[in-house]
Trainee: 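Take this structure, written in structure tokens, and hold onto it; I'll ask about it next.
FYI, the numbering just counts along the sequence from 1.
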Amino acid sequence: PQAQTHPLLRVLLADDSSSDATFARCQELVGSDPRFELRQRQHNLGWCRNYAALLKEVRTPFVCFAFHDDHLDPQFIASLVAALACEPDAALAYSDLGFGSNAFVPLPGHCRCLDRVRAVQLRLWRLIRMQGSWWIPFRGVMRTEVAQRCVDCLDLPPAEAFSADWIWLIRLAMEGPFVRVNQQLVLKHWLATGVTVTSSWRLGEEVRLRRRCLDALKGQRPRGWRLLSLLTFAEIGLLPLRRLVRRIMEGLSGLGLSR
């Protein structure tokens with residue numbers, strides 16, 4: 001973040017009650033840079049509640065989350081803020097990304113299916129189906145007033161933080177379109193020890209995740225929410241079959257039989 005060119009950058013950084021020297025390392029890196037404000041939690045909140053607490057403190061018109069395993073181009077914030085300025089109804093702007101270390105499955109570094117989709121029903125349906133690299137917009141810049149209206153969906157204990165980025169994007173998609181900047185401004189590192197790679201993705205977790213989606217649809221009631229709820233129920237019913245097909249394909253791949 002220190003290399004960002006946007007002239008009005010403000011960075012809120014909270015050490016979530018780490019048991020190692022993380023806070024001291026943060027103090028060393030931040031130094032006397034006036035753009036940074038450093039906090040130290042007395043109790044561990046988990047990443048969702050830590051982010052939610054910081055988000056409530058934001059006073060600038062735009063905000064983004066900064067992840068420890070992503071490297072941002074110096075123009076990242078300036079470019080995405082400019083994109084939002086050109087699209088007054090957009091809730092979020094995001095860019096393409098490249099991969100550094102990648103211990104996960106190969107995925108495209110762009111998300112075209114959510115770019116400038118004006119119909120809220122279509123935005124939500126594409127997210128509910130988890131089409132393409134749907135997770136990329138989570139690494140985007142949001143309008144602060146929109147993000148703060150959605151902050152309640154980050155009020156999750158660590159044990160329930162599985163794929164919280166998906167629910168977050170669903171809530172944001174209810175607020176307005178997403179805008180893609182056709183530049184590679186993020187370098188993503190998927191580490192073997194990271195949350196995405198080490199998550200078990202058990203059936204029960206996937207079912208609970210989609211039930212949270214149903215709760216969000218019922219709570220916010222966007223246009224077409226009843227149909228979207230029915231489709232989400234159908235997705236829950238198809239989960240066992242899709243998991244079976246996935247295992248078969250993985251088995252065939254291991255035997256060198258898939259193409």
Trainee: Which residue pairs pass the salt bridge (charged side-chain N to carboxylate O under 4.0 Å, His left out) test with at least one member in residues 120-135, sequence neighbours excluded?
Mentor: Arg129-Glu235

Trainee: Would Val186 and His71 count as a side-chain contact (heavy atoms from CB on, under 4.5 Å) if you check the C-alpha gap in whole Å, the side-chain angles of each, and the deciding distance to 0.1 Å?
Mentor: CA-CA 6 Å; Val186 180; His71 290 195; over 6 Å; no

Trainee: In Å, rounded to the nearest 0.5 Å, how long is the span from OH of Tyr51 to CG of Leu54?
Mentor: 8.5 Å

Trainee: May I ask whether Leu241 and Ile236 are part of the same hydrophobic cluster, defined by side-chain heavy atoms of I, L, V, M, F, W, Y residues being less than 4.5 angstrom apart, directly or through others?
Mentor: no

Trainee: Does the side chain of Asp70 reach to within under 4.5 Å of the side chain of His189, using non-hydrogen atoms?
Mentor: no

Trainee: Check this for me: does any side-chain nitrogen of one of Arg118 and Glu87 sit under 4.0 Å from a carboxylate oxygen of the other?
Mentor: yes

Trainee: Would you kindly confirm whether Phe76 and Phe99 end up in one hydrophobic cluster when ILVMFWY residues are joined by side chain heavy atoms under 4.5 Å apart?
Mentor: yes

Trainee: Tell me if a side-chain donor or acceptor on Arg221 pairs with a main-chain N or O of Arg226 at a distance below 3.5 Å.
Mentor: no

Trainee: Does Phe233 belong to the same Ile/Leu/Val/Met/Phe/Trp/Tyr cluster as Leu228, with side-chain heavy atoms less than 4.5 Å apart forming each link?
Mentor: no

Trainee: What's in the same ILVMFWY side-chain cluster as Leu45, cut-off under 4.5 Å, chained through other members?
Mentor: none

Trainee: Strictly below 4.0 Å, N to O, side chains only: are Glu206 and Arg202 in salt-bridge contact?
Mentor: no

Trainee: Here's one to test your reading of the geometry: is the NZ or CZ of Arg139 within 45 degrees of the ring axis of Phe67 and under 6.0 Å from its centre?
Mentor: yes

Trainee: Yes or no on side-chain contact (heavy atoms from CB on, under 4.5 Å) for Leu8 and Thr60, after CA distance, side-chain angles and deciding distance?
Mentor: CA-CA 9 Å; Leu8 301 178; Thr60 52; over 6 Å; no

Trainee: Hydrophobic clusters join Ile, Leu, Val, Met, Phe, Trp and Tyr when side-chain heavy atoms are under 4.5 Å apart, directly or via other members; which others share one with Leu29?
Mentor: none

Trainee: Of all heavy-atom pairs between Phe178 and Pro137, which one has the smallest distance, and what is that distance?
Mentor: CD1-CB, 4.0 Å

Trainee: Which residues pass the side chain to side chain contact (heavy atoms under 4.5 Å, CB included) test with Arg180, sequence neighbours left out?
Mentor: Tyr94, Asp96, His110, Arg112, Asp115, Asn182

Trainee: Which residues pass the ring pair (Phe, Tyr, Trp, His ring centres under 6.0 Å) test with Trp135, sequence neighbours left out?
Mentor: Trp190

Trainee: If only atom types and distance count, is the side chain of Gln148 paired as donor or acceptor with the main-chain N or O of Val58 below 3.5 Å?
Mentor: yes

Trainee: Within the supplied structure, the quantity of interest is the number of heavy atoms (other residues, nucleotides, ligands) at a distance under 6.0 Å from Arg223 CZ; does it exceed 12?
Mentor: no

Trainee: Hey, does the side chain of Trp166 reach the backbone of Leu127 with a donor-acceptor pair shorter than 3.5 angstrom?
Mentor: yes

Trainee: Give me the atom names and distance for the closest heavy-atom approach of Ala173 to Val120.
Mentor: O-CG2, 3.6 Å

Trainee: What distance do Arg210 atom CZ and Thr232 atom OG1 have between them, rounded to the nearest 0.5 Å?
Mentor: 8.5 Å

Trainee: Is there side-chain contact between Leu80 and Ser95, with heavy atoms separated by less than 4.5 Å?
Mentor: yes

Trainee: Do Leu13 and Val30 pass the side-chain contact (heavy atoms from CB on, under 4.5 Å) test, and can you show the C-alpha distance, the side-chain angles, and the key distance before you say yes or no?
Mentor: CA-CA 10 Å; Leu13 182 63; Val30 170; 4.1 Å; yes

Trainee: For Leu230, what are the other residues in its hydrophobic cluster, where any two members join if their side-chain heavy atoms are less than 4.5 angstrom apart?
Mentor: none

Trainee: Tell me, with the steps shown, if Leu72 and Leu185 meet side-chain contact (heavy atoms from CB on, under 4.5 Å).
Mentor: CA-CA 6 Å; Leu72 305 180; Leu185 300 176; over 6 Å; no

Trainee: Do the side chains of Ser32 and Pro34 get nearer than 4.5 Å, heavy atoms only?
Mentor: no

Trainee: Between Cys64 and Gly140, which heavy-atom pair has the shortest distance, and what is it?
Mentor: CB-O, 3.1 Å

Trainee: Whether the side chain of Gln121 engages the backbone of Trp225 through a donor-acceptor N/O pair (distance < 3.5 Å, no angle test) should be reported.
Mentor: no

Trainee: What heavy-atom pair brings Pro222 and Leu124 nearest, and what distance separates the two atoms?
Mentor: CG-CD1, 3.7 Å

Trainee: Test of understanding: with side chain to side chain contact (heavy atoms under 4.5 Å, CB included), list the residues that count as partners of Asp33, not counting sequence neighbours.
Mentor: Gln2, Arg35, Phe36

Trainee: How long is the span from the CG atom in Asp73 to the CG atom in Leu97, to the nearest 0.5 Å?
Mentor: 12.5 Å

Trainee: When rounded to the nearest 0.5 angstrom, what distance separates CZ in Arg49 from CG in Leu156?
Mentor: 7.0 Å

Trainee: Which of parallel (below 30°), tilted (30 to 60°) and perpendicular (above 60°) describes Phe138 and Trp47?
Mentor: perpendicular

Trainee: Would you call Val179 and Leu92 a side-chain contact if the rule is heavy atoms closer than 4.5 Å?
Mentor: no

Trainee: Just how far is it from atom CZ of Arg116 to atom CG of Asp89, taken to the nearest 0.5 Å?
Mentor: 10.0 Å

Trainee: Minimum heavy-atom separation for Glu175 and Cys150, please, with both atom names.
Mentor: CG-SG, 4.0 Å

Trainee: Please answer whether the main-chain N or O of Thr144 pairs with a side-chain N or O of Arg149 as donor and acceptor at a distance below 3.5 Å.
Mentor: no

Trainee: Linking I/L/V/M/F/W/Y whenever any side-chain heavy atoms sit under 4.5 Å apart, do Ile170 and Met142 land together?
Mentor: yes

Trainee: For Glu37, which residues count as a side chain to side chain donor-acceptor pair (under 3.5 Å) partner, sequence neighbours excluded?
Mentor: Arg10, Arg39

Trainee: With rounding to the nearest 0.5 Å, note down the distance linking OG in Ser163 to CG in Asp165.
Mentor: 5.0 Å

Trainee: Take Trp168 and Phe65, measure what ring-ring contact (aromatic ring centres under 6.0 Å, His included) needs, and give me the verdict at the end.
Mentor: CA-CA 12 Å; Trp168 175 255; Phe65 300 136; 5.6 Å; yes

Trainee: State plainly whether one hydrophobic cluster holds both Ile167 and Leu203, where clusters connect Ile, Leu, Val, Met, Phe, Trp and Tyr through side-chain heavy atoms under 4.5 angstrom apart.
Mentor: no

Trainee: Please indicate whether Arg211 has more than 12 foreign heavy atoms, meaning atoms of other residues, nucleotides or ligands, lying under 6.0 Å from its CZ.
Mentor: no

Trainee: Ignoring hydrogens and angles, tell me if any N or O in the side chain of Ser133 forms a donor-acceptor pair with the backbone of Pro108 under 3.5 Å.
Mentor: yes

Trainee: Shortest non-hydrogen contact from Arg171 to Cys153?
Mentor: CG-SG, 3.9 Å

Trainee: With sequence neighbours left out, what residues match Val151 under side chain to side chain contact (heavy atoms under 4.5 Å, CB included)?
Mentor: Ala52, Leu55, Lys56

Trainee: Who are the side chain to side chain contact (heavy atoms under 4.5 Å, CB included) partners of Gln40, not counting sequence neighbours?
Mentor: Asp15, Phe23

Trainee: Distance-only criterion, 3.5 Å: show the donor-acceptor pairs between side-chain atoms of residues 212-220 and protein atoms not counting sequence neighbours.
Mentor:
none

Trainee: State, with a plain yes or no, whether a side-chain heavy atom of Cys86 is found less than 4.5 Å away from one of Leu84.
Mentor: no

Trainee: Under the 3.5 angstrom rule, does the side chain of Ser18 hit a backbone N or O of Asp20 as a donor-acceptor pair?
Mentor: no

Trainee: Taking C-beta and beyond as the side chain, do Val141 and Val63 meet within less than 4.5 Å on heavy atoms?
Mentor: no

Trainee: Under 4.5 Å between side-chain heavy atoms, chaining through other members, with only Ile, Leu, Val, Met, Phe, Trp and Tyr counted: pull out the rest of the cluster around Val117, sorted by chain and number.
Mentor: Leu122

Trainee: Does either side chain, that of Asn44 or that of Asp16, offer a donor lying less than 3.5 Å from an acceptor on the other one?
Mentor: yes

